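Structure first, then comments.
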Amino acid sequence: MKCLLVEDDHALARELSQALRDGDWLVEHAATGQDADFLVRTEAYDTLILDVGLPDGDGTRWLAAWREDGIDLPVLILTARERWADKAAGFTAGADDYVTKPFEPAEVLFRLRALVRRSHGHAHPILKAGELSLDTHTQHVALAGRPVGLTAQETRLLGYLMHAAPRVVSRTELSEHVYDRDHEPDSNVIDVQVSRLRRKLGSWRIATLRGQGYRLLEEEPASE
């Protein structure tokens, strides 16, 4: 999953970015509302962490403008403001959740995972597709109750397919959400990693729809 962190405190941004990467997130950072505005309009993200006290305008004003323009990715607000009126302003602008400073990075991770799950229609922290399961907190994958050893990149790829299931996910969408912007793969790299997942999970679990992309299946298709 890919997160945009909008925070002008560079020390805090470095700390939180590292915590997110340790939690297997892809992270991009913007220190101003203007930089964030450019990124949310040109790049794809699964969620956004937004500081309210930005140097070029209140974060809630930027958020309200994005919501007005139909940018609907989940947003978690960070702020040192604890008054209810400030929290209400954030939610009114379109925030999905709110964390006050100081905070534990682990709390932010838990909240982000919940936001992304709910945005895909999942309430439970363990995603399931038939006998396949993924714990979104620990990133542990199991098949029929037995652990499956995956690389970090394979876990990110599988996680995105499981969040999106049963929707078909295009190669372009996978490239935008599962891979770092500076190291976006060509379609052959994605095909290779999908092939590795099929070897570990069962060849039928990830279906290829020609010209459309991939879809995660819960049950093996009946043979004709």
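Along the sequence shown, the residues carry numbers beginning at 1. Computed from heavy atoms alone, side chains included, the values below leave out hydrogens, waters and symmetry copies. Note that the structure is a prediction, hence the values are computed from the model and not measured.
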TODO: Tell me, please, which residues at least two apart from R67 pass salt bridge (charged side-chain N to carboxylate O under 4.0 Å, His left out).
DONE: D96
Open item on the list: If you apply the rule side-chain hydrogen bond (donor to acceptor under 3.5 Å, both in side chains), what do you find for D135 with Q139, and how did you get there?
Closed with: CA-CA 5 Å; D135 188 322; Q139 301 301 299; over 6 Å; no
TODO: Using the salt bridge (charged side-chain N to carboxylate O under 4.0 Å, His left out) rule, take R205 and E218 through it: C-alpha gap first, then chi angles, then the decisive distance, then the call.
DONE: CA-CA 7 Å; R205 291 187 188 278; E218 290 193 4; over 6 Å; no
Task: Residue pairs involving residues 124-149 (criterion ring pair (Phe, Tyr, Trp, His ring centres under 6.0 Å); sequence neighbours excluded) - done: F110-H137
Task: Minimal non-hydrogen separation, L39 against A30, with atom names - done: CD1-CB, 4.2 Å
Task: Residues forming a side chain to side chain donor-acceptor pair (under 3.5 Å) with T100, sequence neighbours excluded - done: none
List the atom pairs, donor and acceptor, that lie under 3.5 Å between side-chain atoms in residues 163-170 and the rest of the protein, sequence neighbours left out.
from : atom 1 : to   : atom 2 : distance (Å)
H163 : ND1    : G159 : O      : 2.8
R167 : NH1    : E173 : OE1    : 3.0
R167 : NH1    : E173 : OE2    : 3.3
R167 : NH2    : E173 : OE2    : 2.8
S170 : OG     : E173 : N      : 3.1

- [ ] Consider only side-chain N and O atoms of W66 and D37, and report whether a donor and an acceptor are under 3.5 Å apart.
- [x] yes
Open item on the list: I want to check something: taking the side chain as every heavy atom from C-beta on, are R196 and D191 in contact at a cut-off of under 4.5 Å?
Closed with: no
- [ ] Please check if the side chain of D58 supplies one atom and the backbone of T60 the other of a donor-acceptor pair under 3.5 Å.
- [x] yes
TODO: Carefully, step by step, assess T32 and L54 under the rule side-chain contact (heavy atoms from CB on, under 4.5 Å).
DONE: CA-CA 6 Å; T32 66; L54 297 174; over 6 Å; no
Open item on the list: What verdict does the side-chain contact (heavy atoms from CB on, under 4.5 Å) test give for Y214 and R171, after you've listed the backbone C-alpha separation in whole Å, the side-chain angles of each residue and the deciding distance to 0.1 Å?
Closed with: CA-CA 8 Å; Y214 302 101; R171 286 181 173 86; 3.3 Å; yes
TODO: Go through the structure and list residues passing side chain to side chain donor-acceptor pair (under 3.5 Å) with T79, not counting sequence neighbours.
DONE: none
- [ ] Decide yes or no on side-chain contact (heavy atoms from CB on, under 4.5 Å) for L73 and T47, but give the supporting numbers first.
- [x] CA-CA 6 Å; L73 77 167; T47 188; 5.6 Å; no
Please list, one pair per line, the donor and acceptor atoms closer than 3.5 Å that link side chains of residues 3-11 to other protein atoms, with sequence neighbours excluded.
from : atom 1 : to   : atom 2 : distance (Å)
E7   : OE1    : K101 : NZ     : 3.1
E7   : OE2    : D9   : N      : 2.9
D9   : OD1    : A11  : N      : 3.2
D9   : OD1    : L12  : N      : 3.1

- [ ] Taking the side chain as every heavy atom from C-beta outward, state whether L78 and L16 have any atom pair closer than 4.5 Å.
- [x] yes
Open item on the list: Around atom CD of Q34, are there more than 12 heavy atoms from other residues, nucleotides or ligands closer than 6.0 Å?
Closed with: no
Task: Euclidean distance, L157 CG relative to I190 CD1, rounded to 0.5 Å - done: 7.5 Å
Task: Contacts of D97 that satisfy side-chain contact (heavy atoms from CB on, under 4.5 Å) - sequence neighbours left out - done: L76, R111, L115
Open item on the list: With side chain to side chain donor-acceptor pair (under 3.5 Å) as the rule and sequence neighbours excluded, what pairs involving residues 112-122 come up?
Closed with: R117-T136
Open item on the list: If I take atom CG from residue N188 and atom OG from residue S195, how far apart are they, to the nearest 0.5 angstrom?
Closed with: 10.5 Å
- [ ] Specify the closest pair of heavy atoms between E15 and P105, including all atoms of both residues, with the distance to one decimal.
- [x] OE2-CG, 4.0 Å
- [ ] From the options E28, K2, E176, select the one residue that forms a side chain to side chain donor-acceptor pair (under 3.5 Å) with Y45.
- [x] E28
- [ ] Give, for atom CG of L132 and atom CG of L216, the distance between the pair rounded to the nearest 0.5 Å.
- [x] 6.0 Å
TODO: Mind running side-chain contact (heavy atoms from CB on, under 4.5 Å) on V40 and W62 for me, showing each step along the way?
DONE: CA-CA 11 Å; V40 298; W62 289 102; over 6 Å; no
- [ ] Check the surroundings of atom CD in E68: do more than 12 heavy atoms from other residues, nucleotides or ligands lie under 6.0 Å from it?
- [x] no
Task: side-chain contact (heavy atoms from CB on, under 4.5 Å) partner of V194, the single match among I206, V189, L158 - done: I206
Task: Residues in side-chain contact (heavy atoms from CB on, under 4.5 Å) contact with A207, at least two apart in sequence or another chain - done: L209, L217
TODO: Answer yes or no: is there an ion pair linking R83 with D86, defined by an N-O contact shorter than 4.0 Å?
DONE: yes
- [ ] Applying side-chain contact (heavy atoms from CB on, under 4.5 Å), name anything that partners F38, two or more places apart in sequence or on another chain.
- [x] T42
- [ ] Count the heavy atoms belonging to other residues, nucleotides or ligands that lie under 6.0 Å from CZ of R41, then report whether that count exceeds 12.
- [x] yes
TODO: Identify the two heavy atoms, one from Q153 and one from Y179, that lie closest to each other, and give their separation to 0.1 Å.
DONE: NE2-CE2, 3.3 Å
- [ ] Output the distance between atom OG1 (T92) and atom NZ (K87), rounded to the nearest 0.5 Å.
- [x] 14.0 Å
Open item on the list: Among residues at least two apart in sequence or on other chains, which ones pass side chain to side chain donor-acceptor pair (under 3.5 Å) with D24?
Closed with: R156
TODO: Kindly write out the residues that satisfy side chain to side chain donor-acceptor pair (under 3.5 Å) with D56, not counting sequence neighbours, or none if the list is empty.
DONE: none
Task: Side-chain donor/acceptor of K200 to backbone N/O of G149, under 3.5 Å - done: yes
